Asks: 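Sharing a structure here in structure tokens format.
These values consider heavy atoms only, across backbone and side chains, with no hydrogens, waters or symmetry-generated copies. Every value quoted in this text rests on a predicted model; they were computed, and no experiment measured them.
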Amino acid sequence: MHATARVAMAMALNSALVCTTMGCGDDGSGDGTTSTTGGTSGTAADSSGRATTAPTGMDSASSSSTGSVDPDSTSGDSTGEPEVPEGTFWVYVAGGGVVSTWSMEPSTGALTFERELDVGAAVGPMAVDPQHRALYLGVMGGQERAEAHAIDPSTAELSPLGSVDLGFNPVYLHIDQSGGHLLSSTFGGDELVVFPLGADGGLGGPESQRLGTPQEPHSIITDTTNGWVLVPHRTPDVIGQYAFDASTGMVTANAVPQVASMPGAGPRHIVMHPDGDHAYVSDEFSDSVSTYAFDTATGQLTLQSTVSTLPGDFPGDDNTCADVHITPDGRFVYVSNRGHDSLAMFAVDPATGDLTDLGQVPTEPRPREFEVSPRGRYVYAAGQDSGMVASYSVDDTTGVLTPGPVYEVGADPRWVIAIELPLRE
């Protein structure tokens, strides 16, 4: 596995790094808004002899004329909230049979390779508990298990903390808001399963529940109240709605057990707005992202609006959507396009929760998964076909992504997780 970092100069050669929906052609370039800001780098070898890149231009968005404060690099933020002491920042990348650990420079977003964990089989999804005690791995390729690894609070080094047999290839892992349960789903076996976690976040006990579902469940999450579980299903074009008992880890069908998406949408991943009143779903087959209102009293989703993730002149048959994330402040949403190979950018209406299209920014081929940094100033996107992770800075005013360095992480990167240690109070 190679861990050499390189600057994303290929992106800078595009005539437009950010494509608007009116001006982005099939190659991801066009007459859209142009950004020429890019990272420059100095290269050095770390203690393992691997080359690392330290970009100097990654923080350009935070030093713009808007005067916005970079919340990944300072104690305060631009909203006037109390100052929060800064911890250390780390990024985990799952690819092939290994998980690599990277330290993140908070003032620039630059990544430095630290170490890798040999899992011995293909790693798919990853998750971290709210307390950041442990990292959870979904192991695939006939192994079909979930592993827990304790996170060292100083170095982010991983150490084994137990495992359980899943009985299916996991497509998604999620830890509930209490940190007491691991939830997983598979669209190969049409099941979801819940396992209890130990006081230290460890795995090892028998499952709390195994439940058959409609076809092709994909992601699985709990809402902000921890009272509901939501499960998008690609083929039936529905999102399953379940009540969740955090004391027992049991899920039961809601009074309204599912909500329909747009026909043919293929709902895949779902993320809750921090306010708990809205959810955003990446629609794999219709190249779109849908906004749902969410009633925390009833656990009921209501489809509110849908917006395309592609420019108007790109053929939808050549693209599928994958991941969706929201910034911690709830102002911006991003969705990955596989085929167009871009990240679609959206601003959130603070009154309605609806999305406004901000265009697309090119990324590495087949961006299956990506991650927003803990304080919302950087984005890291894994190119499954290139073995690279592309980095971006987030403009604090507009939400537009500016490309930075691209890092070689090894074959088939499937998941990216970013954390801050120690946790903010």
Asks: So does Gly179 get a backbone contact from the side chain of Asp129, meaning a donor-acceptor N/O pair under 3.5 Å?
Replies: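 No.
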
Asks: Of the options Glu364, Glu284, Glu369, which is the one that meets Arg338 in a salt bridge (charged side-chain N to carboxylate O under 4.0 Å, His left out)?
Replies: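 Of Glu364, Glu284, Glu369, salt bridge (charged side-chain N to carboxylate O under 4.0 Å, His left out) with Arg338 is met by Glu284 alone.
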
Asks: May I have the step-by-step check of side chain to side chain contact (heavy atoms under 4.5 Å, CB included) for Leu203 and Leu182, ending in yes or no?
Replies: CA-CA 9 Å; Leu203 278 169; Leu182 168 73; 3.9 Å; yes

Asks: Rounded at 0.5 Å granularity, tell me how far CZ in Phe187 sits from CG in Leu192.
Replies: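 Between atom CZ of Phe187 and atom CG of Leu192 there are 15.0 Å.
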
Asks: Can you see which heavy atom on Ser391 is nearest to which on Pro405, and at what distance?
Replies: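 Where Ser391 meets Pro405 most closely, the heavy atoms are OG-O, 2.6 Å.
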
Asks: Does the side chain of His273 reach to within under 4.5 Å of the side chain of Ile326, using non-hydrogen atoms?
Replies: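 Answer yes - side chains close enough.
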
Asks: How would you list, by chain and number, every residue that makes a side chain to side chain donor-acceptor pair (under 3.5 Å) with Thr309, sequence neighbours excluded?
Replies: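 Only Asn337 meet the side chain to side chain donor-acceptor pair (under 3.5 Å) criterion with Thr309.
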
Asks: Could you tell me whether a side-chain N or O of Arg368 sits under 3.5 Å from a main-chain N or O of Ala381, the two making a donor and an acceptor?
Replies: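 Such a contact is absent between Arg368 side chain and Ala381 backbone.
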
Asks: Do the side chains of Phe195 and Pro206 get nearer than 4.5 Å, heavy atoms only?
Replies: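 The answer is no, as the side chains (C-beta and beyond) never meet within the 4.5 Å cut-off.
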
Asks: Heavy-atom distance under 4.5 Å between the side chains of Val99 and Val119, does that happen here?
Replies: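 A side-chain contact exists here, since the closest heavy-atom pair is under 4.5 Å.
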
Asks: With distance as the sole test, does Tyr334 use its side chain to make a donor-acceptor pair with the main-chain N or O of Gly399 at under 3.5 Å?
Replies: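 Here the side-chain-to-backbone pair exists.
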
Asks: Looking just at side-chain N and O atoms, do Glu191 and Thr186 make a donor-acceptor pair shorter than 3.5 Å?
Replies: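 Side-chain D/A pair, Glu191 to Thr186: absent.
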
Asks: Where do Glu420 and Arg375 come nearest, in terms of heavy atoms and distance?
Replies: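 For Glu420 versus Arg375, the nearest heavy atoms are OE2-NH2, 2.7 Å.
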
Asks: Are His278 and Tyr292 an aromatic pair, judged by ring center distance below 6.0 Å?
Replies: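 For Tyr292 and His278, the ring centres are not under 6.0 Å apart.
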
Asks: If I take atom CG from residue Leu158 and atom OH from residue Tyr92, how far apart are they, to the nearest 0.5 angstrom?
Replies: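 Those atoms lie 4.5 Å apart.
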
Asks: Can you sort out the partners of Ser305 under side chain to side chain donor-acceptor pair (under 3.5 Å), two or more places apart, ordered by chain and number?
Replies: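 Side chain to side chain donor-acceptor pair (under 3.5 Å) check on Ser305 returns Asp354.
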
Asks: Can a side-chain donor-acceptor contact be found between Asp176 and His181 if the only test is distance below 3.5 angstrom?
Replies: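 Asp176 and His181 do not have a side-chain donor-acceptor pair below 3.5 Å.
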
Asks: Kindly say whether Val333 contributes a backbone atom to a donor-acceptor pair with the side chain of His325 at under 3.5 angstrom?
Replies: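 Absent.
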
Asks: Would you mind checking if Asp396 and Arg331 are paired as a salt bridge, meaning a charged N to carboxylate O distance below 4.0 Å?
Replies: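 Here Arg331 pairs with Asp396 in a salt bridge, since their nearest N and O are under 4.0 Å apart.
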
Asks: Is a donor from one side chain sitting under 3.5 angstrom from an acceptor on the other, for Asp190 and Gln215?
Replies: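 Judged by distance alone, the side chains do not pair up.
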
Asks: On a heavy-atom basis, which atom in Ser219 and which in Pro232 lie closest, and how many Å separate them?
Replies: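 It is O-CD, 3.1 Å.
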
Asks: Side chain to side chain contact (heavy atoms under 4.5 Å, CB included), that's the test. Do Tyr280 and Met272 meet it? Break it down for me.
Replies: CA-CA 6 Å; Tyr280 301 95; Met272 296 298 301; over 6 Å; no

Asks: Compare every heavy atom of Thr213 with every heavy atom of Pro217, then report the nearest pair and how far apart it is.
Replies: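 Minimum heavy-atom contact is CG-OG1, 3.3 Å.
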
Asks: Could you check whether any side-chain N or O of Ser282 sits under 3.5 Å from a backbone N or O of Cys321, counting only pairs where one atom can act as donor and the other as acceptor?
Replies: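 Between the backbone of Cys321 and the side chain of Ser282 there is no qualifying donor-acceptor contact (under 3.5 Å).
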
Asks: Distance from Leu197 atom CG to Ser178 atom OG, nearest 0.5 Å?
Replies: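 Here the rounded value is 8.0 Å.
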
Asks: Looking only at atom types and distance, does a side-chain atom of Asn226 sit under 3.5 Å from a main-chain N or O of Gln177, one as donor and one as acceptor?
Replies: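 Side chain of Asn226 to backbone of Gln177, a donor-acceptor pair under 3.5 Å: yes, one is there.
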
Asks: CD1 of Ile151 to CG of Leu161: how many Å apart, nearest 0.5 Å?
Replies: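 It is 10.0 Å, given to the nearest 0.5 Å.
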
Asks: Stepwise, does the side chain to side chain donor-acceptor pair (under 3.5 Å) test hold for Asp295 with Gln300?
Replies: CA-CA 5 Å; Asp295 187 332; Gln300 174 68 48; over 6 Å; no

Asks: State yes or no: are the ring centers of His218 and His269 separated by less than 6.0 Å?
Replies: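 Ring centroids of His218 and His269 are less than 6.0 Å from each other.
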
Asks: Indicate the atoms forming the closest heavy-atom contact of Pro214 with Tyr242, along with that distance.
Replies: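 Smallest heavy-atom distance, with atoms named: CD-OH, 4.4 Å.
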
Asks: So that I know where these two stand, are Phe113 and Trp102 an aromatic pair - ring centroids less than 6.0 Å apart?
Replies: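 Yes; Trp102 has its ring centre under 6.0 Å from that of Phe113.
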
Asks: Main chain of Ser107, side chain of Glu105: is a donor-acceptor contact present, judged purely on distance under 3.5 Å?
Replies: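 It does hold such a pair.
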
Asks: How about Ile220 and Val229: do any of their side-chain heavy atoms sit closer than 4.5 Å?
Replies: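 Side-chain contact under 4.5 Å: yes.
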
Asks: For a 4.5 angstrom cut-off between non-hydrogen side-chain atoms, does Leu310 reach Asn319?
Replies: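 A side-chain contact under 4.5 Å exists here.
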
Asks: For residues 254-267, run the donor-acceptor check on the side chains, cut-off 3.5 Å, and write out each pair with its distance to 0.1 Å, sequence neighbours left out.
Replies:
from   : atom 1 : to     : atom 2 : distance (Å)
Asn254 : ND2    : Thr298 : O      : 3.0
Asn254 : ND2    : Gly299 : O      : 3.1
Ser261 : OG     : Asp237 : O      : 3.1

Asks: Does Asp283 use its side chain to pair, donor to acceptor, with the backbone of Asp287 at less than 3.5 Å?
Replies: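 Checked: no pair found.
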
Asks: Can you find a heavy atom in the side chain of Ser386 that is under 4.5 Å from one in the side chain of Pro365?
Replies: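 In contact.
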
Asks: Working to the nearest 0.5 Å, report the span between OH of Tyr378 and OH of Tyr392.
Replies: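 These two atoms lie 15.5 Å from each other.
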
Asks: Would you say Glu116 and Ser100 are linked by a side-chain donor-acceptor pair, where the criterion is simply a distance under 3.5 Å?
Replies: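 There is no such pair (donor and acceptor under 3.5 Å, judged by atom type) between the side chains of Ser100 and Glu116.
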
Asks: Does the side chain of Leu117 come within less than 4.5 Å of Val98's, by heavy atoms?
Replies: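 No; the side chains remain at least 4.5 Å from each other.
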
Asks: Check the pair Val139 / Glu147 against side chain to side chain contact (heavy atoms under 4.5 Å, CB included), numbers first and verdict last.
Replies: CA-CA 8 Å; Val139 182; Glu147 295 184 354; 4.1 Å; yes

Asks: Given 3.5 Å as the limit, does a donor-acceptor pair link the side chain of Gln209 with the main chain of Val251, or not?
Replies: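 Side chain of Gln209 to backbone of Val251, a donor-acceptor pair under 3.5 Å: yes, one is there.
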
Asks: Does Tyr172 have its ring centroid less than 6.0 Å away from the ring centroid of Trp415?
Replies: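 Yes: the rings meet the under 6.0 Å criterion.
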
Asks: Ring centroid separation for His149 and Tyr136, is it under 6.0 angstrom?
Replies: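 No, they do not, as the ring centres are separated by 6.0 Å or more.
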
Asks: Do Met126 and Leu135 touch side chain to side chain, with heavy atoms closer than 4.5 Å?
Replies: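 The answer is yes, as the side chains (C-beta and beyond) meet within the 4.5 Å cut-off.
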
Asks: Check step by step if side chain to side chain contact (heavy atoms under 4.5 Å, CB included) holds for Leu173 and Leu183.
Replies: CA-CA 6 Å; Leu173 301 179; Leu183 297 86; over 6 Å; no

Asks: Under the 3.5 angstrom rule, does the side chain of Asp223 hit a backbone N or O of Trp228 as a donor-acceptor pair?
Replies: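 Checking the backbone N and O of Trp228 against the side chain of Asp223, a donor-acceptor pair under 3.5 Å is found.
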
Asks: Any luck finding a side-chain donor-acceptor pair between Glu114 and Ser103 under 3.5 Å?
Replies: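 Per modelled atom types, Glu114 and Ser103 side chains form a pair under 3.5 Å.
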
Asks: With rounding to the nearest 0.5 angstrom, report the CZ to CD distance, Phe294 to Gln241.
Replies: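 Rounded to the nearest 0.5 Å, the CZ-CD separation comes out at 7.0 Å.
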
Asks: Quick check: closest heavy atoms across Trp90 and Thr101, and the distance to 0.1 Å?
Replies: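 For Trp90 versus Thr101, the nearest heavy atoms are CE3-CG2, 4.1 Å.
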
